[in-house]
Amino acid sequence: MQGELRAFSDHGEQIDQFSWINVRAPENREMLAQLLEMLDLGESESIIVAIESNANYLIIDEYKGRKIAELYGVKISGILGVLIQAKMQGLISSVQENIKKLVEIGFRLDKSLVERVLKSLGEVQGD
C-alpha cells in the first residue's frame, strides 16, 4: 500500500508513527498492472504484498477486492472480523463502540451485517 500512502502524504506520516506497522511496496509490477485493471491501487498493492509475504490474512473490506484476493488463495478478514477477534481476546470491551467510531470517520459497513454481528456478541437486543 506504499503507493496509495504516498498519494495521501499526511496518512503516510501518521502511519510512520506506529512501529508495529510495516509499509511495503509490492515487488511484482506485472501483477500490479493486471490488478489495477480491476481494483484501485490500495487493494491491488495489498493483495500482492499479502501473496509475496505469505500473510496469514489480508484485512480487506471492499467486496471486489475480497473476491479477487480469494481467487489468488489469500485468506481474508474484514474489519468486523478483526473487531470480533479483538473482543474475544479481551483487547476491546465493545465491538459496537468501535463500529460507531469507524462510522464517525466515514467507514461504511453493511447495516444488516453489523446488526447480526452485534446480536451474536450479545451487544444488542434481539427482535
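Below, all heavy atoms of this structure are taken into account, side chains as well, without hydrogens, waters or symmetry copies. Computed from a predicted model, the values in this text were never measured in an experiment.
Taking CD1 of I84 as the start and NZ of K87 as the end, the distance is 10.0 Å to the nearest 0.5 Å. Remark: S44 OG to M38 CE distance equals 7.5 Å, nearest 0.5 Å.
The closest donor-acceptor contact from the side chain of D61 to the backbone of G78 lies at 3.5 Å or more, if one exists at all. D40 places a side-chain N or O within 3.5 Å of a backbone atom of E43 that can act as its donor or acceptor partner.
Considering every non-hydrogen atom in both N28 and I48, the closest pair reads O-CD1, 4.0 Å. The shortest heavy-atom contact between E70 and I76 is OE2-CD1, 3.5 Å. The two residues R66 and S77 make their nearest non-hydrogen contact at NH1-C, 3.8 Å. Looking at every heavy atom in both residues, V114 comes nearest to L80 through CG2-CD1, 4.2 Å. The shortest non-hydrogen separation linking I99 to L109 is CG2-CD1, 3.9 Å. Considering all non-hydrogen atoms of both residues, G65 and I47 come closest at O-CD1, 3.6 Å.
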Worksheet item: Can I68 and V74 be said to form a side chain to side chain contact (heavy atoms under 4.5 Å, CB included), step by step?
Response: CA-CA 9 Å; I68 291 171; V74 176; over 6 Å; no
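Note on K111 versus E115: no salt bridge recorded, every NZ/NE/NH1/NH2 to OD/OE distance being 4.0 Å or above.
Under the 4.5 Å side-chain contact rule for hydrophobic residues, I51 and L36 share a cluster.
Environment of OH in Y57: sparse, with no more than 12 heavy atoms of neighbouring residues, nucleotides or ligands closer than 6.0 Å. Within a 6.0 Å radius of CE in M88, other residues, nucleotides and ligands contribute 12 heavy atoms or fewer.
Contact annotation: the side chain of L35 approaches that of M31 to within less than 4.5 Å [non-hydrogen atoms, C-beta and beyond]. Residues Y63 and D110 have side chains not in contact (no heavy-atom distance under 4.5 Å, counting atoms from C-beta outward). In this structure the side chain of P26 reaches within 4.5 angstrom of the side chain of E52, judged on heavy atoms. Contact annotation: the side chain of L121 approaches that of V117 to within less than 4.5 Å [non-hydrogen atoms, C-beta and beyond]. The side-chain heavy atoms of L32 and R29, taken from C-beta on, include a pair separated by under 4.5 Å. Counting heavy atoms from C-beta outward, L39 and E62 have side chains that approach closer than 4.5 Å.
For E104, there are no side-chain contact (heavy atoms from CB on, under 4.5 Å) partners two or more places apart in sequence or in a different chain. Every residue meeting the side-chain contact (heavy atoms from CB on, under 4.5 Å) condition with S53, not counting sequence neighbours, appears here in chain and number order: R24, V49, A55. Applying the salt bridge (Lys or Arg N to Asp or Glu O under 4.0 Å) test to K100 and every residue at least two apart in sequence or in another chain returns E97.
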